[in-house]
Q: 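Take a look at the following structure, please.
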There are 2 protein chains.
Amino acid sequence: MMSCDSDVLFRILADPTRRLILDLLAERGPLTVGQLASEFPDLVASGISKHLMSLRAAGVVSATRRGRQQIYQLEPDALAAGLTPWIAKYEQYWSAALERLRDLAQEDRAKDGHTSRKNIRRKRVK
Amino acid sequence: MMSCDSDVLFRILADPTRRLILDLLAERGPLTVGQLASEFPDLVASGISKHLMSLRAAGVVSATRRGRQQIYQLEPDALAAGLTPWIAKYEQYWSAALERLRDLAQEDRAKDGHTSRKNIRRKRVK
DNA sequence: ATAATACATTACTGTATGGTAATGTTTTGC
DNA sequence: GCAAAACATTACCATACAGTAATGTATTAT
């Protein structure tokens with residue numbers, strides 16, 4: 001009934017198959033429908049196609065044709081733009097988790113070869 | 001079918017009424033079922049009660065009895081713990097949005113801060 | 001003791017939607 | 001030109017679930 005701004009986003013993310021599709025696109029970059037469908041052995045291809053259409057309608061993925069195949073690609077800005085307002089309302093509660101998240105990412109970046117920036121410290125919040 | 005860790009959380013958040021309940025608890029602190037139900041004029045009270053039960057089952061809220069009324073309260077850690085792993089997978093994409101979010105929160109705090117804190121400088125950390 | 005309040009619980013219902021199957025539409029390969 | 005490949009689209013089905021209504025259970029008030 002109530003139709004919030006991020007309503008569509010949350011409904012999209014409610015389905016595990018759709019989340020997994022987003023995960024695959026995030027991990028492996030742009031993929032065709034067939035490549036994505038092959039990741040779901042116990043699912044029919046047209047089902048994946050339907051999911052992709054709804055993801056596209058929500059704006060979280062985009063597609064470009066190449067010959068007879070469509071290449072789907074994550075649209076991360078739409079995801080962020082749609083979810084950030086909601087997250088912002090809980091910002092005070094998320095602080096700790098976000099800090100940990102940020103630190104983890106920092107470690108990952110450090111582990112990824114780049115130089116030691118380990119003495120960089122973030123602003124303290126609260 | 002696929003049952004991820006944050007699966008329950010996303011299903012919980014998919015419903016706008018449930019999200020609004022969480023919003024109310026976040027904004028106004030602990031509330032009784034009646035107080036919450038009164039915020040949904042076009043909804044029957046038992047419906048809200050059911051939503052609260054599922055929220056409780058998911059661990060995102062907790063309840064304490066006081067006399068004949070239950071006081072529901074947000075359990076923010078559960079929310080953060082459940083959603084952070086998922087967010088982490090998209091961390092590279094979220095960075096910008098999270099930075100903006102953090103800055104906004106900073107501004108808000110500065111704005112509603114009491115007058116005398118105007119010139120208080122945050123600790124500079126390299 | 002009785003009634004009313006404040007929820008919880010159960011049973012029921014209508015609808016939304018994830019999934020399949022079948023068909024349609026381009027594009028490529030031969 | 002013909003067949004197959006790669007998706008999109010449509011129709012259909014079965015289940016999940018949000019919402020209501022009715023009933024149950026403590027707790028407070030009188």
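Order of the sequence lines sets the chain letters (A, B, ...), proteins ahead of strands, with each chain counted from 1.
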Q: Does A:R68 have any salt bridge (charged side-chain N to carboxylate O under 4.0 Å, His left out) partners at least two apart in sequence or in another chain, and if so, which?
A: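 If we apply the salt bridge (charged side-chain N to carboxylate O under 4.0 Å, His left out) test to A:R68, skipping adjacent residues, there are no hits.
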
Q: Using whole Å, what does the distance between atom C1' of nucleotide C:dT17 and atom CG of B:D15 come to?
A: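 Distance check: B:D15 CG to C:dT17 C1' gives 15 Å.
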
Q: Roughly, in whole Å, what's the span from NE2 in B:H51 to C1' in D:dG19?
A: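 That distance rounds to 8 Å.
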
Q: A:R11 has an atom CZ; how far is it from atom C1' of C:dG18, in whole Å?
A: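 Distance, rounded to whole Å: 13 Å.
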
Q: At under 4.0 Å, does any side-chain N or O of B:R65 touch on OP1 or OP2 of C:dC7?
A: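 No, no such contact exists.
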
Q: In the 5'-to-3' direction, what one-character label does each nucleotide of nucleotides 20-25 of chain D receive under the scheme B = base within less than 4.0 Å of a protein heavy atom, S = sugar-phosphate only, - = no such atom?
A: BBB---

Q: Mind calculating the distance between CZ (B:F10) and P (D:dC17) to the nearest angstrom?
A: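 Spelled out: CZ on B:F10 to P on D:dC17 is 16 Å.
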
Q: I need the CD1-C1' distance between A:I21 and C:dG19, as an integer number of Å.
A: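 My rounded result for the distance is 13 Å.
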
Q: Mind checking what makes side-chain hydrogen bond (donor to acceptor under 3.5 Å, both in side chains) contact with A:R56, not counting sequence neighbours?
A: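 Here no residue qualifies.
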
Q: Restricting to side-chain hydrogen bond (donor to acceptor under 3.5 Å, both in side chains), what partner residues turn up for A:R11, sequence neighbours left out?
A: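 A:R11 satisfies side-chain hydrogen bond (donor to acceptor under 3.5 Å, both in side chains) with no other residue.
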
Q: Going by the rule side-chain contact (heavy atoms from CB on, under 4.5 Å), which residues pair with B:T32 if we only count those two or more places apart in sequence or in a different chain?
A: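 If we apply the side-chain contact (heavy atoms from CB on, under 4.5 Å) test to B:T32, skipping adjacent residues, the hits are B:Q35, B:Q69, B:I71.
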
Q: Side-chain atoms of residues 72-79 of chain B: list all donor-acceptor pairs with protein atoms under 3.5 Å, sequence neighbours left out, distances to 0.1 Å.
A:
{"residue": "B:E75", "atom": "OE1", "partner": "B:S62", "partner atom": "OG", "Å": "2.7"}

Q: With sequence neighbours left out, write down each residue that passes side-chain contact (heavy atoms from CB on, under 4.5 Å) with B:A14, or none if nothing qualifies.
A: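 A:A14.
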
Q: Keeping B:R19 on the side-chain end and B:L13 on the backbone end, is there a donor-acceptor pair under 3.5 Å?
A: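 Yes.
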
Q: Can you tell me the distance, in whole Å, between the CG atom of B:L52 and the P atom of C:dC7?
A: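 So the two atoms are 10 Å apart, to the nearest Å.
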
Q: Tell me what A:R56 touches on the nucleic acid: a base, only sugar-phosphate, or nothing, going by heavy atoms under 4.0 Å.
A: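 Answer is nothing: A:R56 stays at 4.0 Å or more from every strand.
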
Q: Under 3.5 Å, which donor-acceptor pairs link side chains of residues 24-31 of chain A to any protein atom two or more places apart or in another chain?
A:
{"residue": "A:R28", "atom": "NH2", "partner": "A:E39", "partner atom": "OE2", "Å": "2.7"}

Q: Got a second to check how far A:R18's CZ is from A:I48's CD1, nearest 0.5 Å?
A: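 It comes to 10.5 Å.
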
Q: Please list, for nucleotides 4-7 of chain D, all pairs of protein and nucleotide N/O atoms separated by less than 3.5 Å.
A:
{"residue": "D:dA5", "atom": "O4'", "partner": "A:R68", "partner atom": "NH1", "Å": "3.3"}
{"residue": "D:dA5", "atom": "N3", "partner": "A:R68", "partner atom": "NH1", "Å": "3.3"}
{"residue": "D:dC7", "atom": "OP2", "partner": "A:G34", "partner atom": "N", "Å": "2.8"}

